[in-house]
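Structure, as structure tokens:
None of these values were measured; they are calculated from a predicted model. Numbered from 1 within each chain, the chains take letters A, B, ... in sequence-line order.
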Protein chains: 2
Amino acid sequence: MTSGRSNPTEPFVGLLMFIAARDVENRVVAAMRRAGIDDITLAQARVAARIGEHGTRLTDLAEQAQVTKQTATALVDRLEAAGYVERVPDPRDGRARLVRLTDKAGALMPVARDEEQRIETEWEAHLGARRMRQLREALTLLREITDPYRDEP
Amino acid sequence: MTSGRSNPTEPFVGLLMFIAARDVENRVVAAMRRAGIDDITLAQARVAARIGEHGTRLTDLAEQAQVTKQTATALVDRLEAAGYVERVPDPRDGRARLVRLTDKAGALMPVARDEEQRIETEWEAHLGARRMRQLREALTLLREITDPYRDEP
DNA sequence: CAATATAGTTCGACAGTCTGACTACTTACA
DNA sequence: TGTAAGTAGTCAGACTGTCGAACTATATTG
């Protein structure tokens, strides 16, 4: 969404944000493709990126990725079939299972991180250190009112 | 994508942007639902938002929305079936057809704009006028290197 | 005018998504 | 402590979103 530009003087900030965020995703996906990783989709990666060090419950993944449990199940199924994650029983809750990253996934994370770092460097070069700092500050503040799932408050 | 937070010190700026952008989309969709509009999906709205005053070619819509022509065809089909757009011949090119918004769509645009305005107001209240200005400035600059389809340069 | 390019569609396949219904386990409390 | 209510996850079915390939019709170009 984020409407076009019927008023060209002041493009809506949400649209500007959408454009930049989309570019980031495109670039990270492209970087993975270049690294020979083509058996993981964007939706799957969004879920995988939220799996914690010691595994994460499906329900938590669903919540953070903002999809239903059923959708998360389907995405994890595919990630599992591709060998990027595994499901292990949750020792603390017999109903639950923890979704954990495998070694194969571990090899893929640095590709994403490197591209993110590269993007950040380019942005800083384009904006200058001062504006980059201001951007980060504003976005961090904004998170307080736009992120329903930030961890440490 | 935009990886989680294995290093909590400095969340990647792209992730922060993604969070805020997603919140915007969610809110605009929710506003439409509240206004009784539930026969248009997010993907459809993204395309509809790019239709110009005098109609836009399908290929252009596809390009701007960053989907293939086939996908755009399917989305426009659904928008047309729901009565939000119509296809008319392009007087300047016999192969092409212009996708135009109908009156029904016209009634829906203000709902989106109002919510966008409301979000912007809230953000400004949270950040303060100064940081809001800085945010806008940084994002506008960033657009130069992240938006392959900005119109008037 | 023939060769090539472009606008759009149709077809077929599959991923992503949801609602609803179900099983298995846990928690609360009477 | 035993039952009722809640929670974690899955399965089934339906629809949307998405793409690649192949096609039709019209334009452009030499």
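Contact annotation: B:T59 side-chain N/O to C:dG8 OP1/OP2 distance is under 4.0 Å. Between C:dG16 and A:T41, a contact under 4.0 Å exists linking OP1 or OP2 to a side-chain N or O. At least one side-chain nitrogen or oxygen of A:T68 sits closer than 4.0 Å to the OP1 or OP2 atom of C:dC18.
A salt bridge links B:R118 with B:E115: at least one charged nitrogen is closer than 4.0 Å to a carboxylate oxygen. Salt-bridge formation is detected for the pair B:E120/B:R136: a Lys NZ or Arg NE/NH1/NH2 atom is positioned less than 4.0 Å from an Asp or Glu carboxylate oxygen.
In B:R87, the CZ atom is crowded: over 12 heavy atoms of neighbouring residues, nucleotides or ligands sit closer than 6.0 Å.
Taking atom CG on B:L58 and atom C1' on D:dT26, their separation rounds to 16 Å, with Å as the unit. At whole-Å resolution of the value, CZ in A:R92 and C1' in D:dA8 are 14 Å apart. The distance between atom CG of B:L61 and atom C1' of D:dT18, rounded to the nearest whole Å, is 16 Å. Between the NZ atom of A:K69 and the C1' atom of D:dA12 there is a distance of 15 Å, rounded to whole Å. One atom, CG of A:L75, and another, C1' of D:dG17, lie 14 Å apart when rounded to the nearest Å. For the pair B:E86 CD and C:dG8 P, the interatomic distance rounds to 15 Å; values are reported in whole Å. Put simply, CZ on B:R97 is 17 Å from P on D:dT24, counting in whole angstrom units. Atoms CD (A:E63) and C1' (C:dT17) sit 18 Å apart, rounded to a whole Å.
Contact annotation: side chain of A:R95 to base of D:dT7, donor-acceptor pair present below 3.5 Å. Contact annotation: side chain of B:Q70 to base of C:dG8, donor-acceptor pair absent below 3.5 Å.
For the pair A:T41 and A:R78, the minimum side-chain heavy-atom distance is 4.5 Å or more.
Annotation: the span from B:Q64 atom CD to B:I51 atom CD1 amounts to 10.5 Å, rounded to 0.5 Å.
Using a 4.0 Å heavy-atom cutoff across all strands shown, B:A43 reaches sugar-phosphate atoms only and no base atom. B:A96 comes within contact range of the sugar-phosphate backbone alone, with a heavy-atom separation under 4.0 Å but no base atom that close.
If you find the closest nucleotide of DNA chain D to B:Q44 and to A:R87, the one lying nearer the 5' end belongs to A:R87. Comparing A:D93 and A:V67 against DNA chain C, the residue whose closest nucleotide sits nearer the 5' end is A:V67. When each of B:R57 and B:D77 is assigned the nucleotide of DNA chain C with its nearest heavy atom, B:R57 is the one assigned upstream, toward the 5' end.
Among the nucleotides D:dT18, D:dT10, C:dG16, the one closest to the side chain of A:T71 is C:dG16.
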